[in-house]
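Structure, as structure tokens:
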Amino acid sequence: MTGIRFENVSVAYGRHGESTALDSLDLTVEPGEVMALLGPSGSGKTTALRAVAGFVEPVSGRVFIGERDVTGLPPYRRGIGMVVQQYALFPHMRVAENVAFGLRAQRGSKAQKVSKREIPARVGEALEMTGMAAYAQRYPRELSGGQQQRVAIARALAIRPGVLLLDEPLSALDAQLRSGMLAELARLHRELPDVSILYVTHDQVEALTLADRIAVMDRARLRDCGTPQELYRRPRTEFTASFVGNANLLPVTVGAGSVSFGGAELKVSTDRVPSGTSATLCVRPHLVGIGAGPNALRGTIAEVQWRGATHRLYVDVDGHRVKADVRELRDAPELGDEVTVHFAPEDAVLLAGGVTGE
Ligand code: ADP
Ligand code: MG
């Protein structure tokens with residue numbers, strides 16, 4: 001079983017290495033783990049993946065695949081499978097030839113070399129795994145986008161890699177195909193429990209659904225890392241709280257055993273922040289209710305969005321905007337209506353420090 005380890009890895013682009021795309025990344029993907037690298041566009045996710053694949057050289061730090069330091073090795077000697085957003089199949093080769101190509105290109109250790117005789121069986125096995133066995137003789141142009149991406153995955157799996165690198169593999173697909181492919185990837189991972197997967201995405205739903213752990217990236221740096229539940233329920237940074245799940249972030253003042261927001265006293269656990277400081281209260285929109293309840297705040301409706309099964313209400317409270325996602329209302333409030341919002345004490349988390357607007 002092989003994992004991936006980044007040890008203080010920095011990557012810079014530009015002739016003089018003047019733009020840092022990855023800043024001192026320390027991260028371990030355990031053997032058999034699915035780690036999502038989640039972050040906005042330009043945060044350095046692809047760069048991190050390319051450092052594992054060997055397409056960029058770090059300016060400092062080391063990359064390990066299993067126990068092996070691969071930092072200086074060319075890509076084809078690293079024994080990795082990689083799938084990128086654009087299907088990147090060869091248009092003039094049939095599906096089976098595309099998958100076989102990856103096998104022929106391997107020039108790694110003896111264990112990864114595949115004899116000519118073995119290739120058809122390996123190709124068949126990989127296509128079987130991705131449900132594409134019936135399409136072996138087609139050309140890429142005769143396949144849908146989702147099918148092409150399955151072939152790309154088959155090609156990556158054919159070498160029986162210890163680690164699989166996926167860079168936004170679903171982002172070129174439409175929404176319905178995407179959720180089907182997500183389920184497929186989860187199944188593949190169950191069938192290949194020893195393969196470590198590094199999964200790059202800007203889509204929090206993909207990360208929350210698929211990953212054992214999520215590494216949150218922002219501006220070339222790792223900001224947070226934890227299981228989906230940890231990051232969602234108890235984010236450690238404002239960036240995570242707003243990027244994963246779009247949380248409400250409200251400035252509060254913490255006293256001895258008390259938390260106040262504007263003129264209101266709130267009931268919230270204060271075990272994470274020292275008293276006498278300003279802090280940020282984080283509460284998820286779907287955990288904010290309308291009407292009387294604990295931690296009630298009076299406000300004015302600033303915007304109402306109908307989203308089918310739910311209404312998203314924007315409520316101005318003391319000059320701060322609170323988002324509430326509630327079950328579709330028969331009588332939705334109107335702009336300017338006065339409402340009360342509330343949330344349960346256990347549904348809120350305090351983050352040390354004031355709201356920075358990050
Ligand atoms: P992400 O995958 O999170 O969108 P990238 O790793 O692709 O981010 O890019 C991180 C930063 O590095 C961005 O600012 C991007 O513009 C820059 N960058 C990426 N590739 C190159 C390159 N080949 N040359 C110069 N700058 C690059
Ligand atoms: Mg990218």
Side-chain angles (χ1 to χ4, degrees), residues 1-31 33 35 37 44-93 97-116 118-119 122-123 126 149 151-169 192 194-200 215 217 220:
M1 302 244 285
T2 32
I4 304 166
R5 194 162 87 248
F6 295 86
E7 263 184 27
N8 202 27
V9 175
S10 294
V11 175
Y13 293 112
R15 198 125 67 106
H16 308 288
E18 61 272 17
S19 70
T20 301
L22 192 64
D23 191 354
S24 320
L25 177 64
D26 274 309
L27 184 68
T28 301
V29 185
E30 301 295 342
E33 185 178 38
M35 175 76 79
L37 274 186
K45 309 180 297 293
T46 294
T47 300
L49 206 78
R50 289 166 62 83
V52 178
F55 297 123
V56 290
E57 277 304 311
V59 290
S60 62
R62 316 217 63 85
V63 178
F64 293 82
I65 296 178
E67 287 310 303
R68 204 157 63 113
D69 182 345
V70 297
T71 313
L73 288 183
Y76 59 82
R77 307 248 335 252
R78 297 190 181 200
I80 49 151
M82 185 160 173
V83 177
V84 295
Q85 176 182 347
Q86 299 307 337
Y87 319 125
L89 299 177
F90 298 108
H92 59 285
M93 290 185 189
E97 293 161 343
N98 262 285
V99 176
F101 182 87
L103 285 170
R104 296 205 180 89
Q106 280 300 303
R107 278 178 281 156
S109 60
K110 273 230 173 68
Q112 274 153 12
K113 254 186 204 148
V114 181
S115 73
K116 255 196 179 146
E118 230 185 308
I119 287 179
R122 283 285 201 95
V123 170
Q149 200 58 317
V151 175
I153 294 168
R155 183 170 63 185
L157 291 176
I159 65 162
R160 294 183 185 158
V163 308
L164 187 58
L165 307 177
L166 301 168
D167 192 353
E168 312 250 6
L192 302 165
D194 294 347
V195 177
S196 306
I197 299 179
L198 192 54
Y199 187 98
V200 162
M217 303 276 304

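None of these values were measured; they are calculated from a predicted model.
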Roughly how far, to the nearest 0.5 Å, is [atom2] of [Y] from [atom1] of [X]?
| X | Y | atom1 | atom2 | value |
| --- | --- | --- | --- | --- |
| Thr2 | Arg68 | OG1 | CZ | 9.5 Å |
| Ile4 | Leu165 | CD1 | CG | 5.5 Å |
| Phe101 | Ile119 | CZ | CD1 | 11.5 Å |
| Leu166 | Gln85 | CG | CD | 12.5 Å |
| Thr47 | Leu37 | OG1 | CG | 10.5 Å |
| Met82 | Arg50 | CE | CZ | 7.0 Å |

Check for a donor-acceptor pair, side chain of [X] on one end and backbone N or O of [Y] on the other, with a separation under 3.5 Å.
| X | Y | answer |
| --- | --- | --- |
| Asn8 | Gly61 | no |
| Asp167 | Val200 | no |
| Arg62 | Glu7 | no |
| Glu33 | Gly3 | no |
| Arg78 | Leu73 | yes |
| Ser24 | Ser10 | no |

Would Glu168 and Thr46 count as a side-chain contact (heavy atoms from CB on, under 4.5 Å) if you check the C-alpha gap in whole Å, the side-chain angles of each, and the deciding distance to 0.1 Å? CA-CA 9 Å; Glu168 312 250 6; Thr46 294; 5.6 Å; no
Residue pair [X] / [Y]: nearest heavy atoms and the distance that separates them:
| X | Y | result |
| --- | --- | --- |
| Ala48 | Leu25 | CB-CD2, 4.1 Å |
| Ser196 | Pro31 | OG-CA, 3.3 Å |
| Val84 | Gln149 | O-NE2, 3.1 Å |
| Pro75 | Gly54 | CG-O, 3.6 Å |
| Ala51 | Val9 | CB-CG1, 4.5 Å |
| Pro161 | Gly81 | CB-N, 3.4 Å |

Phe6/Val52 under side-chain contact (heavy atoms from CB on, under 4.5 Å): CA gap, chis, key distance, verdict: CA-CA 8 Å; Phe6 295 86; Val52 178; 3.3 Å; yes
Should the heavy atoms of other residues, nucleotides or ligands under 6.0 Å from CD of Glu18 be counted, would the total exceed 12? yes
Does a side-chain heavy-atom distance below 4.5 Å link Leu103 with Ile159? yes
